[in-house]
Participant: 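Handing you a structure now.
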Amino acid sequence: MLHIKVPQSAQDHFWEEPPADSWEFWSFRSQPQCQIGDGLCFWMGGKAVATAVVAKIEKPGQSSCQTTGRFKGGWKVFWRPDSFIDLRRERTDAD
């Protein structure tokens, strides 16, 4: 499982729903140590807050963020929205 620490600057945007029929991604400066089908675990404030499953990995230069046009130069790890699990909700539901 690839662990991703979500920086403070990205935490609000992290919870926004992606546009319909699109996949979300995380961009890396260097090649990520994961493969299609591996798990992703997102961390904020020392706690796991979400998980997803890698659906696609892109080398730098293949695409950029549809909304901002950023991240064209990074490696991108994509996941499908249906694989995303909000662990904050899971903890609340268990209470």
Participant: Using the test side chain to side chain contact (heavy atoms under 4.5 Å, CB included), find all partners of Ala50 that sit at least two apart in sequence or belong to another chain.
Facilitator: Phe14, Trp15, Phe42, Phe84
Participant: Is it the case that atom CG in Asp12 sees more than 12 heavy atoms from other parts of the structure closer than 6.0 Å?
Facilitator: no
Participant: Taking the side chain as every heavy atom from C-beta outward, state whether Cys41 and Leu2 have any pair of such atoms under 4.5 Å apart.
Facilitator: no
Participant: If I compare all heavy atoms of Pro60 with all of Gly73, which pair ends up nearest, and what's the gap?
Facilitator: CB-O, 3.3 Å
Participant: Once rounded to the nearest 0.5 Å, what's the spacing between atom CD1 of Ile85 and atom OG1 of Thr51?
Facilitator: 4.0 Å
Participant: In Å and rounded to the nearest 0.5 Å, what is the SG to CZ distance from Cys65 to Phe71?
Facilitator: 6.5 Å
Participant: Among all residues two or more places apart in sequence or in another chain, which pass the side chain to side chain contact (heavy atoms under 4.5 Å, CB included) test with Ser83?
Facilitator: Ala52, Val53, Trp79
Participant: List in chain and number order the residues that pass side chain to side chain contact (heavy atoms under 4.5 Å, CB included) with Glu58, two or more places apart in sequence or in another chain; answer none if no residue qualifies.
Facilitator: Lys56, Gln62, Ser63, Lys76, Phe78
Participant: Among pairs that include at least one residue of residues 24-38, which meet side-chain hydrogen bond (donor to acceptor under 3.5 Å, both in side chains), considering only residues two or more places apart or in two chains?
Facilitator: none
Participant: Provide the closest heavy-atom pair for Cys34 versus Val77 in the form atom of the first, atom of the second, distance.
Facilitator: SG-CG2, 3.9 Å
Participant: Glu16: what forms a side chain to side chain donor-acceptor pair (under 3.5 Å) with it, not counting sequence neighbours?
Facilitator: His13
Participant: Would you indicate whether the side-chain heavy atoms of Val49 and Val6 approach each other to under 4.5 Å?
Facilitator: no
Participant: Check the pair Phe25 / Ile57 against side chain to side chain contact (heavy atoms under 4.5 Å, CB included), numbers first and verdict last.
Facilitator: CA-CA 9 Å; Phe25 72 87; Ile57 300 171; over 6 Å; no
Participant: Same cluster or not: are Val54 and Trp75 linked, directly or through other Ile, Leu, Val, Met, Phe, Trp or Tyr residues, by side-chain heavy atoms under 4.5 angstrom apart?
Facilitator: yes
Participant: Got a salt bridge between Asp82 and Arg80, using NZ or NE/NH1/NH2 to carboxylate O under 4.0 Å?
Facilitator: no
Participant: Among pairs that include at least one residue of residues 43-62, which meet ring pair (Phe, Tyr, Trp, His ring centres under 6.0 Å), considering only residues two or more places apart or in two chains?
Facilitator: His3-Trp43
Participant: So, for Pro81 and Ser22, which heavy atoms are closest and what is the spacing to 0.1 Å?
Facilitator: CG-O, 3.4 Å
